[in-house]
2 protein chains.
Amino acid sequence: MYTKGATRALHSNTRRFSTATRLQASGLKINSERLWNTLHETCEWGADHRYGENPTDTGMARLTLNDDDACVRRWFAAEVQKLGCSLSVDQMGNMFARQSGRLNSAAPMIAMGSHLDTQPRGGRYDGILGIMAALEILRTMKESGFQTNYDVGVVNWTNEEGARFPKSMCSSGVWAGAIPIEKAWDLRDIHDPNVTLRSELERHGYLGDIACSSDPATGYPLGAHFELHIEQGPILPGNNRSIGVVQGAQGYRWLTMTVHGKDAHTGTTPFSARQDPLLASSRMIAASHDIAKRHDALASTGIIRVPSNASTNTVSSQVTFTLDIRHPQDSVVHAVQDECLKAFEAIALQDGKGVSFDWTLDTDSPAVKFDENCVASIQAAADGLVGREKSMLLTSGAGHDTVYTSKHCPSAMIFVPCLDGVSHHPTEYCSPQDCALGTQALLEAVVHYDQFRVKAERQK
Amino acid sequence: MYTKGATRALHSNTRRFSTATRLQASGLKINSERLWNTLHETCEWGADHRYGENPTDTGMARLTLNDDDACVRRWFAAEVQKLGCSLSVDQMGNMFARQSGRLNSAAPMIAMGSHLDTQPRGGRYDGILGIMAALEILRTMKESGFQTNYDVGVVNWTNEEGARFPKSMCSSGVWAGAIPIEKAWDLRDIHDPNVTLRSELERHGYLGDIACSSDPATGYPLGAHFELHIEQGPILPGNNRSIGVVQGAQGYRWLTMTVHGKDAHTGTTPFSARQDPLLASSRMIAASHDIAKRHDALASTGIIRVPSNASTNTVSSQVTFTLDIRHPQDSVVHAVQDECLKAFEAIALQDGKGVSFDWTLDTDSPAVKFDENCVASIQAAADGLVGREKSMLLTSGAGHDTVYTSKHCPSAMIFVPCLDGVSHHPTEYCSPQDCALGTQALLEAVVHYDQFRVKAERQK
């Protein structure tokens with residue numbers, strides 16, 4: 001049950017929400033079996049990478065706008081229309097399903113959004129759970145005749161994964177004005193440069209008329225955006241919590257380091273005469289880890305490349321590697337970066353005749369703080385469902401569409417545990433209980449926020 | 001001039017050679033301009049990777065048995081036949097050109113061997129100089145009517161580089177019985193698996209009749225093997241020496257390490273929950289360097305690979321890297337390997353939830369000691385040409401065909417400096433003076449050895 005004091009303790013500066021007198025739970029109960037079955041039935045479009053004997057023991061390879069993605073999109077369109085929703089598609093293929101509220105207000109709807117596309121070796125829950133939960137909520141409301149005050153709906157964001165067309169959170173990024181639509185349209189299939197995201201939108205009939213924008217005049221503005229997602233990390237299970245109330249997203253910076261040395265024969269070149277970029281890169285990667293650890297931050301190298309003609313008996317001429325630095329505070333991200341670069345300069349001089357390096361900043365994503373009222377709605381839902389001791393405040397480590405929507409409408413996220421924190425992998429797993437609990441929490445959070453919105457409007 | 005005392009000091013156990021009374025210099029002088037011009041004229045077959053404006057400012061891409069290699073082989077065959085040599089080709093395409101000696105002995109010839117193939121981004125001297133020097137020596141002998149006692153000749157060994165067909169010192173290895181001919185024949189072009197070394201031998205008419213073997217009954221035995229080669233390292237120029245008397249080759253072991261972790265999202269996975277094989281590999285590479293340094297040995301990583309689907313925000317599931325350990329003493333190579341593996345075991349447990357690793361030994365090439373009489377012949381030549389203060393004893397860091405020939409006939413090598421020690425690179429450079437000096441040294445060494453051989457036979 002939601003109590004004013006609890007929320008106030010969490011969000012002492014949440015003036016508008018804390019003035020609300022009392023929010024009501026929905027009284028609804030989602031159908032967890034229908035949710036589970038719908039999720040797995042629709043995962044037949046794109047099922048791949050079998051790892052066990054049960055029918056659902058597969059991962060997914062439903063890459064953005066491939067034929068399976070087109071199938072699940074058509075199915076999704078038909079389902080929401082069966083429920084009486086209107087459906088709009090924008091120029092990035094984002095799908096907006098909208099259920100009218102009691103007030104028949106023209107105000108932007110409260111959206112529950114996520115994505116139906118997956119990684120090439122992805123699982124059945126990342127993104128998919130958020131859409132299936134939203135659909136289950138609309139079904140539950142419909143069958144019990146429940147109406148929110150404001151319109152509510154579902155958004156399926158195109159190409160969240162950025163796996164086939166390499167730009168993650170691509171279409172919420174366009175919607176938020178952070179990515180130019182021409183750049184997004186021109187993204188090439190990573191395996192076939194003749195295929196663009198736009199040509200695939202056209203092929204499947206998903207190049208809509210509405211501008212991909214939050215601009216009320218031309219696009220599709222949202223009144224709020226809630227997203228249920230698996231945690232993709234070990235913190236919830238590690239702390240024996242079942243609901244994560246996500247208050248924001250870590251800041252992160254992605255750098256590409258290029259270390260220049262000189263190719264030399266490993267048998268004939270003494271250490272003292274070498275300029276070995278792979279040895280230097282190895283020391284840099286280890287140093288970045290140790291620096292981040294001291295700051296309680298994260299620094300990770302996912303990619304390292306030597307030239308394609310590298311050989312066992314040749315010191316490489318050049319090495320590139322990525323560096324991904326993260327922390328909930330931007331100042332710490334910057335401090336880790338600065339310390340790493342200083343350490344790298346020392347390492348560059350350390351062995352033999354030394355190496356040189358340069359670097360590019362590929363992505364700079366400042367820390368994001370989600371809307372306090374959305375967060376409070378989710379906390380209230382969690383309190384009502386599992387109590388404070390089974391939920392926890394989290395900061396998202398990964399990027400999500402909600403990070404972009406939060407720039408243009410009140411937004412927040414709910415995390416549910418996934419087994420061992422494994423994600424982006426065929427064995428990714430979220431139990432039926434956790435899927436259902438997250439869905440119920442999403443329902444309650446939306447209903448809370450809808451009530452809050454009415455009261456906030458009245459106080460205007 | 002060769003003096004008995006000097007050689008004895010160097011080779012106190014060189015009993016046979018040190019009993020020789022006095023060896024004569026040849027009295028011949030190679031034509032350095034002809035040598036230089038011939039080398040660069042024939043480099044027009046395969047010239048590539050221009051780096052400067054002079055006609056010879058290019059590297060080479062004369063890959064084994066490509067059309068350019070076939071051209072230079074046909075040219076070489078014609079040239080040695082013009083000189084009156086007999087030419088034999090074995091089943092690996094090794095070319096044996098043979099000039100009769102004064103004694104008309106049926107004993108195996110004293111060979112000067114190297115290779116005409118290059119790396120894909122190779123230079124104009126590695127291998128090529130050794131063949132061109134040998135040819136120049138035959139030309140010089142011919143025009144002055146000089147005859148050695150025993151037959152002398154030139155060997156062009158096929159696929160020394162192992163760049164197109166991935167097995168280095170491939171055909172001297174078959175000749176020495178270290179590589180089965182079927183395995184060598186079946187080597188695939190690294191860019192076109194439909195093309196084998198054997199199919200290219202056939203295409204160019206270089207699949208000879210003679211067995212590729214040192215067996216006198218079926219193959220082509222050699223009485224000795226001398227090879228002039230660029231140093232491919234910085235030791236000669238760094239010590240201001242112009243001739244390297246190569247007394248053997250380092251032992252080396254090539255290992256491939258495979259480090260197993262677990263893919264995980266870099267934003268959502270705390271360090272404590274990670275199994276990060278790239279971090280562990282980085283620490284291992286740095287550790288192997290530090291261990292080798294303490295032993296005055298070499299340990300180098302030329303190749304590191306993450307899975308092709310690696311991404312900036314994913315901890316890799318697996319990393320492989322190569323480890324190349326070298327030292328003139330096998331016991332030190334083994335000690336470095338043992339210490340590295342022990343250190344790697346500790347590193348594997350160091351971060352997060354740890355990683356596992358396994359490894360394969362891909363190549364085990366024990367240290368080689370060249371024949372003391374061949375080495376003494378070269379030292380005598382160097383003493384006569386530049387004096388003891390401008391030559392030095394070296395151990396070859398790289399592999400060469402002579403390492404294989406040394407298993408079946410007395411063998412040794414001469415090194416000449418190359419600019420900055422750069423090799424396997426278009427800018428590889430050996431000055432006309434050093435090319436000529438090395439060639440003259442090769443001539444004198446062969447003449448010395450030929451004299452020694454006569455005396456040794458008499459003493460039998």
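Every chain is numbered from 1 and lettered A, B, ... according to where its sequence line falls, protein lines coming before strand lines.
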Given heavy-atom pairs under 4.5 angstrom as the criterion, report whether the side chain, backbone, both or neither of [X] touches chain A.
X: B:Gln250; answer: side chain
X: B:Pro120; answer: neither
X: B:Lys262; answer: side chain
X: B:His425; answer: side chain
X: B:Ser423; answer: neither
X: B:Ala398; answer: both

Handout entry: Option in A:Gly421, A:Ala273, A:Ser311, A:Ser317 with maximal non-hydrogen atom pairs under 4.5 Å from chain B
Key =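 Most pairs with chain B among the choices: A:Ser311.
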Practice task
Tell me, out of A:Leu394, A:Thr395, A:Thr314, A:Leu279, who's got the most heavy-atom pairs with chain B below 4.5 Å.
Solution key: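 Result: the option with the highest number of such pairs is A:Leu279.
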Measuring heavy-atom distances to chain B, does [X] have an atom under 4.5 Å in its side chain, in its backbone, in both, or in neither?
X: A:Asn313; answer: both
X: A:Asp362; answer: neither
X: A:Tyr252; answer: neither
X: A:Ala292; answer: both

